[in-house]
Amino acid sequence: MPGGRLTQQERQQIALGLADGLAYAEIARRLDRPTSTVTREVMRNGGPTAYRADLAHRATERRAHRRKHAPSRGQGAPAQAHGRDDEAVREYEEAFTTLLTQQGLPKMTARVLTCLFIADAGSLTASELVQRLQVSAASVSKAIAFLEDQGLVSRERDERRRERYFVDDDVWYQSTIASARGTAQVAEIARQGVAVLGRDSPAAVRLENIARFSDFMSESILRAAEQVREVLYTRPGTTRGNTPTPRPDRR
């Protein structure tokens, strides 16, 4: 049934579909499943190039076992808002975390960032992150420090003098800008190598090509980010014909 758990046979069909280069939507159509189900299944089990049906099935059984024997939600743990399904939220969180780790983020850092992304307020305190993720305060602190360096997270103190971590409305814009600046630094260091290694040497030619490519990419990304931000940036609560909902004062 479309709403039930994936069977081992369905996972084998997913693996075969990926091997044949089929899109998630086509695999889902053949299984009579929502595309989102197939996407989550693949992304939380290694991604399209590393998905294995038997490993995915065993991993799902282990997760189900852990949830069955996990302690019940404590008084301090927030209930799901907007009628959300706990299981669906957990699956989505796992899929998003897996995607971020495949793109280079350490696992704990990816978990913290995902937790902030899916929080309605876009912010959590250190103690809230520790409670939600069931990890140590030191692990959260290390992850936050890394995310701050990447321009993905900011921190401020709330009215109770607690440190609160934020993902801003334009977090992806800020991250893109930081990435473009990093690419520009690659161009700069590569161009320094041209002078050191001798302009006519094969290594210098290679480095000059890297520098030119990186310069072009950095400039293009910066220009595109500004254009997209101007055209698409909207704040939560904005609808046609209405004024934007003011952002809360963080002081």
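Computed from a predicted model, the values in this text were never measured in an experiment. FYI, side chains are in, hydrogens and waters are out, and symmetry mates aren't considered; it's all heavy atoms of this structure.
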Under 3.5 Å side-chain donor-acceptor pair for E156 and Y165: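 There is no such pair between these side chains.
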
Short side-chain donor-acceptor distance under 3.5 Å, Y51 and E41: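 Result is yes, a qualifying pair exists.
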
Linked hydrophobic residues, L55 as query - side chain contacts closer than 4.5 Å: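 When side chains under 4.5 Å apart are linked, L55 ends up in no cluster with other residues.
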
Can you check whether [Y]'s main-chain N or O pairs, donor with acceptor, with [X]'s side chain at less than 3.5 Å?
X	Y	value
T97	E93	yes
S141	A137	no
S218	A180	yes
S201	G198	yes

Counting heavy atoms not belonging to M217, are there more than 12 under 6.0 Å from its CE?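 For M217, atom CE is not crowded (no more than 12 foreign heavy atoms under 6.0 Å).
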
Has R162 got more than 12 heavy atoms of other residues, nucleotides or ligands less than 6.0 Å from its CZ?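 Check passes, neighbour count above 12.
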
Reported [atom1]-to-[atom2] distance for the pair [X] and [Y], which is rounded to 0.5 angstrom:
X	Y	atom1	atom2	value
L18	Y24	CG	OH	6.0 Å
R40	T35	CZ	OG1	11.0 Å
L105	T98	CG	OG1	12.0 Å
E94	R111	CD	CZ	9.0 Å
T7	Q13	OG1	CD	7.0 Å
M43	L100	CE	CG	9.0 Å

Checking salt bridge (charged side-chain N to carboxylate O under 4.0 Å, His left out) for the pair E10/R33: CA distance, chi angles, key distance, verdict? CA-CA 10 Å; E10 286 177 316; R33 293 277 190 172; 2.9 Å; yes

What I want to find out is whether [X] reaches [Y] closely enough, with some N-O distance under 4.0 Å, to be called a salt bridge.
X	Y	answer
E128	R164	yes
R155	E163	yes
R11	D54	no

Start with the C-alpha gap between R199 and E208, add the side-chain angles, then the distance that decides, and say whether side-chain contact (heavy atoms from CB on, under 4.5 Å) holds. CA-CA 9 Å; R199 185 166 296 277; E208 178 61 29; 4.3 Å; yes

What are the two closest heavy atoms between L116 and L124, and how far apart are they?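 Scanning both residues completely, I find the closest heavy atoms to be CD2-N, 3.7 Å.
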
Where V42 and P48 come nearest, the two heavy atoms and their spacing: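 Looks like CG1-N, 3.5 Å.
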
For side-chain contact (heavy atoms from CB on, under 4.5 Å), just list the numbers for Q8 and Q12, CA-CA rounded to whole Å, side-chain angles, deciding distance to a tenth of an Å, and then say yes or no. CA-CA 6 Å; Q8 189 163 16; Q12 291 170 349; 4.2 Å; yes

I'd like to know whether I189 forms a side-chain contact (heavy atoms from CB on, under 4.5 Å) with Q192, so could you lay out the CA-CA distance, the side-chain angles of the two residues, the decisive distance to 0.1 Å, and finally the verdict. CA-CA 5 Å; I189 196 69; Q192 290 175 12; 3.2 Å; yes

Could you walk me through whether S136 and S139 pass the side-chain hydrogen bond (donor to acceptor under 3.5 Å, both in side chains) check? CA-CA 5 Å; S136 68; S139 296; 2.9 Å; yes

Using salt bridge (charged side-chain N to carboxylate O under 4.0 Å, His left out), reason through R29 and E26 one step at a time and then give a plain yes or no. CA-CA 5 Å; R29 187 188 66 78; E26 176 59 21; 2.7 Å; yes

